[in-house]
Every structure is written in C-alpha cells, then in structure tokens.
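Worksheet: one structure, shown below.
No experiment lies behind these values; they were computed from the predicted model shown.
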Amino acid sequence: MSSPSFETKKAYFAKVRKANYSASLRLEGFVVQEDGVVRKHASRKAAVIAHTRQAKAKA
C-alpha cells in the first residue's frame with residue numbers, strides 16, 4: 001500500500017481547515033452557505049445592540 005502524495009495531503013488538509021473554519025463561524029452565530037458566503041444573523045446583531053445598551057446604562 002503506497003502512501004498518499006504530497007498534493008493529496010495538501011488538498012485534504014485544506015478541506016479540513018475550511019470545514020473547521022465554517023464550523024467555528026457557525027458556533028459564533030454566523031450563517032455559512034455551501035459556496036462560502038458568510039452572513040450575520042440578525043438576532044446576533046440585536047443581541048449585541050441590547051448588550052451594548054445595557055452596558056452604557058450601567059456606566
């Protein structure tokens with residue numbers, strides 16, 4: 001059994017890196033589509049604004 005070529009290894013790790021990055025973005029509340037387009041959730045934006053208003057009210 002031969003070992004995979006260097007190009008095959010590079011392609012595999014690029015694919016894994018992209019999948020990990022997409023998963024990380026999803027965990028942070030972003031919407032990631034199949035073609036790599038990233039959109040922010042409106043609810044996340046609303047949550048950030050609400051948190052900022054509370055912080056300013058306390059200060």
Side-chain angles (χ1 to χ4, degrees):
M1 189 162 138
S2 64
S3 62
S5 70
F6 181 68
E7 294 301 319
T8 304
K9 289 178 184 180
K10 279 178 46 177
Y12 170 77
F13 283 109
K15 180 181 172 184
V16 169
R17 190 179 324 116
K18 183 178 178 182
N20 287 342
Y21 182 67
S22 294
S24 177
L25 286 174
R26 272 189 241 103
L27 287 172
E28 290 296 324
F30 291 90
V31 177
V32 181
Q33 296 176 347
E34 291 294 322
D35 58 356
V37 176
V38 178
R39 296 184 184 167
K40 294 181 183 178
H41 261 181
S43 60
R44 175 152 171 86
K45 182 178 178 181
V48 170
I49 291 171
H51 176 73
T52 304
R53 287 184 181 157
Q54 289 176 356
K56 286 182 179 179
K58 289 181 183 180

For residues 1-13, please give each side-chain donor-acceptor pair under 3.5 Å, one per line with the distance, not counting sequence neighbours.
{"residue": "S5", "atom": "OG", "partner": "T8", "partner atom": "N", "Å": "3.2"}
{"residue": "S5", "atom": "OG", "partner": "T8", "partner atom": "OG1", "Å": "2.8"}

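Applying the 4.5 Å side-chain rule to ILVMFWY residues, one finds that V48 remains a lone member of its cluster.
I49 pairs by the side chain to side chain contact (heavy atoms under 4.5 Å, CB included) definition with K45, R53, not counting sequence neighbours.
Between the side chain of S24 and the backbone N or O of N20 there is no donor-acceptor pair closer than 3.5 Å.
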